[in-house]
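The structure appears right after this line, and notes come after that.
So you know, we letter chains A, B, ... as the sequences are listed, proteins then strands, and number each from 1.
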There are 2 protein chains.
Amino acid sequence: MKRKVTLKQIAKELDVSISTVSKSLRDSHEISEDTRLKVQAFAKLYNYKPNNIALSLKNKKTKTIGIIIPEIVHHFFATVISGIEQVANEMGYNVIVCLSNESFDKEVINMEMLATGSTDGFIMSLSKETQQKKDFHHIQEVINQGMPVVLFDRITNDVLCDKVIIDDQMAAYEAVDYLVGLDFKEIALVTTVDYVSVGKLRTDGYINALNDHNIPVRDELIVKIEDIDHCEEPIAALLESQRPKAIFAVNELFAVTCIKQANKIGIRVPEDLSVIGFTDGIISQYSSPSITTVSQNGARMGGKAAKMLIDRLELDDENEQYTTQLIETELVLRESTPTL
Amino acid sequence: MKRKVTLKQIAKELDVSISTVSKSLRDSHEISEDTRLKVQAFAKLYNYKPNNIALSLKNKKTKTIGIIIPEIVHHFFATVISGIEQVANEMGYNVIVCLSNESFDKEVINMEMLATGSTDGFIMSLSKETQQKKDFHHIQEVINQGMPVVLFDRITNDVLCDKVIIDDQMAAYEAVDYLVGLDFKEIALVTTVDYVSVGKLRTDGYINALNDHNIPVRDELIVKIEDIDHCEEPIAALLESQRPKAIFAVNELFAVTCIKQANKIGIRVPEDLSVIGFTDGIISQYSSPSITTVSQNGARMGGKAAKMLIDRLELDDENEQYTTQLIETELVLRESTPTL
DNA sequence: TTTCAACACGACAACGTTGTAGTAACAGTG
DNA sequence: CACTGTTACTACAACGTTGTCGTGTTGAAA
């Protein structure tokens, strides 16, 4: 078992100083070509690679980004990580991932752990508990210490930092607008209760779209789901009583449930009913029929967040111009809406 | 902006030596209670936390595990990470995640990057390209340098190290056995090309199950998919030409594609066709009909891998007793097979 | 009064790296 | 022959931490 080789070992072997070895490997003109080539050959032979930890300590930068998210077993977050990872890698950074499991305490612990030297900055999405408690001291603390933070998706206005989100309201507007363009007049909405911020925004987008097309907003076409695990009944009730020709659902699960319940009572999708969902996950892609959805573009979101963070890390400009980037959404047309 | 405080700064402020501060904070008996409490109070006030990087350099251990997987946007891998993270965290370790994107080169680069000081060990699943090339020098290299590696799911026998897998062959056997128990005689197989090790094992399980029931293995009932993104055509061809009554698919995507293609040509699931998949992910749960699958238990797999790695890290026993752990699978019955 | 331990603390090396400053040896110039 | 400049190197400090060893000051036993 040959352990990792260090400058010191190479220096001893070749009977030169550590400095000479270091400089040779960095192609310094201070070193004669003779010595330089000799050292380089030796280093190559022993597969010398500078120790990252030592470099981190010396340079006071780790080239590592900390990611803290509520859950990884969630397609959206997985795509975001994927996006972050790709951009980070291209720019020479690694990512270290911590899961809060929607717990405030774990979010705080993870953050403090990584903040003590392990990472240069953070990309994070708030846990539910954190959003509920509205306690962001751990984030503020890290920012005060000079580490940049980028919040995405589940953000807060109580912390000043860079942010990346999608324009939920506009995205919902466009989805509904698309349905109107298909000549549907009576478009149902399956949404969440209003205190879920994104649900509210998407509902607003729905209402605005109808208003702009002079279509009356009818309350009986709107279902607000309280408990996501028991959405079947209210959706079935909507289908039975209103027999809508089109539905906009504010998430993937609601959309697929609409289709399932419709099938049960003999309503065919897309022939008798069109459905558009939100969040372009696995369900939308592989359910049968596949579902037309508003894609949140997690990968792009992650990529953008990574770029913002790294830019801030590399331009230690100290300019406090924090920005909030909006990621464009995209309507992914599939089988749950009629083909034009 | 108050930067992170170091021992040196505390020492200067309190006009004592760095050693004294360090010892005070570690409750050394060498230091008088007076000084000790004073230093501790000061450290607490300024929220002193030892710098991880410096500790890593000194102790030659990072308390960080490197994870290298082909893809993160894949439910199974996400659950594995989740399992690793949980166990690692409990044992005081962080995880740093790198994606190979199924590329051999990226796998090598990531590994070399992390191996130079960033992590104490690796948990990894091989990329397709690596499995195809059968080139594992990068893994062997890392092991030779004394870093433990745990392979999971997509493993190889060409490298000696700890491994965690499910008994793919047995799991496939049981799935096919279950179909035979439902009185199906002509069971089709949708699998991958043979160099994907798990695909091969599952194929073997299929064949063994048929053999044990004295059912002839008919090549025309076996489809080996080359490119996972274009699996529709070969599957449709199978359905058209053979009209099988039951299909065992070696992954979720193949299973759902079977159902979709069947629906297109008027074959109903489960009435006309039974389908069993592999990998219990979102697709299987939410597709319509939901799919009976072999559940891989990713979280348990990840947890076990993490435990094995950390145990080896902490008992630097140098005993070369590598083991391969088998994780139990489970057949999750859903709508794509007939109810008994 | 000498001797010796206990006490409370500081100096220093080490982990691996890089960059600055210093220093021999030698050649060229006046 | 003294000065200057170049070449080719080495020494050293620093990053933040810990642990070993050294040291000066007490107080008490001999």
Side-chain angles (χ1 to χ4, degrees), chain A residues 3-40 42-43 46-64 113-120 145-147, chain B residues 3-40 42-43 46-64 113-120 145-147:
Chain A
R3 277 238 109 84
K4 301 208 70 59
V5 62
T6 65
L7 290 185
K8 193 193 275 191
Q9 288 160 30
I10 298 180
K12 191 194 267 181
E13 288 295 324
L14 296 182
D15 204 36
V16 291
S17 75
I18 295 177
S19 307
T20 304
V21 177
S22 173
K23 285 173 186 162
S24 296
L25 295 177
R26 340 207 96 247
D27 271 328
S28 164
H29 57 276
E30 283 186 55
I31 307 297
S32 68
E33 191 170 347
D34 221 36
T35 313
R36 198 148 30 90
L37 294 180
K38 190 175 64 182
V39 171
Q40 287 176 359
F42 193 91
Y46 282 88
N47 195 26
Y48 168 80
K49 294 266 162 53
N51 181 305
N52 285 331
I53 297 290
L55 288 179
S56 296
L57 182 59
K58 182 138 204 5
N59 302 332
K60 291 173 153 247
K61 43 177 95 161
T62 61
K63 290 273 188 176
T64 303
M113 185 137 211
L114 296 188
T116 58
S118 304
T119 64
D120 295 341
Q145 284 172 5
M147 301 182 79
Chain B
R3 276 237 109 84
K4 302 209 67 58
V5 62
T6 67
L7 290 184
K8 191 192 274 191
Q9 287 161 31
I10 298 180
K12 192 193 267 180
E13 288 293 324
L14 295 181
D15 204 35
V16 291
S17 76
I18 295 177
S19 309
T20 305
V21 178
S22 173
K23 286 172 188 165
S24 297
L25 294 177
R26 337 208 97 246
D27 271 327
S28 165
H29 56 276
E30 283 187 56
I31 307 295
S32 67
E33 192 170 347
D34 222 38
T35 313
R36 197 147 32 89
L37 294 179
K38 192 175 64 183
V39 171
Q40 286 176 0
F42 192 91
Y46 282 88
N47 195 26
Y48 169 79
K49 296 263 164 53
N51 181 305
N52 284 333
I53 297 291
L55 288 180
S56 296
L57 183 58
K58 182 139 208 356
N59 302 333
K60 292 174 154 247
K61 44 176 91 162
T62 60
K63 289 271 187 178
T64 303
M113 185 139 213
L114 296 187
T116 57
S118 303
T119 63
D120 295 341
Q145 284 172 4
M147 301 182 78

If I take atom [atom1] in residue [X] and atom [atom2] in nucleotide [N], what distance separates them, rounded to the nearest angstrom?
{"X": "A:Lys58", "N": "D:dG16", "atom1": "NZ", "atom2": "C1'", "value": "13 Å"}
{"X": "A:Leu7", "N": "C:dG16", "atom1": "CG", "atom2": "P", "value": "10 Å"}
{"X": "B:Lys60", "N": "C:dC15", "atom1": "NZ", "atom2": "P", "value": "7 Å"}
{"X": "A:Lys4", "N": "C:dT17", "atom1": "NZ", "atom2": "C1'", "value": "15 Å"}
{"X": "B:Ile53", "N": "C:dG16", "atom1": "CD1", "atom2": "C1'", "value": "13 Å"}
{"X": "B:Ile18", "N": "C:dA11", "atom1": "CD1", "atom2": "P", "value": "9 Å"}
{"X": "A:Lys61", "N": "D:dG16", "atom1": "NZ", "atom2": "C1'", "value": "18 Å"}
{"X": "A:Lys23", "N": "D:dT10", "atom1": "NZ", "atom2": "P", "value": "9 Å"}

Yes or no on side-chain contact (heavy atoms from CB on, under 4.5 Å) for B:Asn47 and A:Gln145, after CA distance, side-chain angles and deciding distance? CA-CA 11 Å; B:Asn47 195 26; A:Gln145 284 172 5; 4.3 Å; yes
For B:Ala54 and A:Ser17, find the nucleotide of DNA chain D closest to each by heavy atoms; which residue's nucleotide sits nearer the 5' end?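 It is A:Ser17, whose closest nucleotide lies nearer the 5' terminus.
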Mapping B:Leu55 and B:Glu30 to their closest nucleotides on DNA chain D, which lands nearer the 5' end? B:Leu55
When we call it a touch if two heavy atoms are under 4.0 Å apart, what does A:Thr35 touch: a base, just sugar-phosphate, or nothing? sugar-phosphate
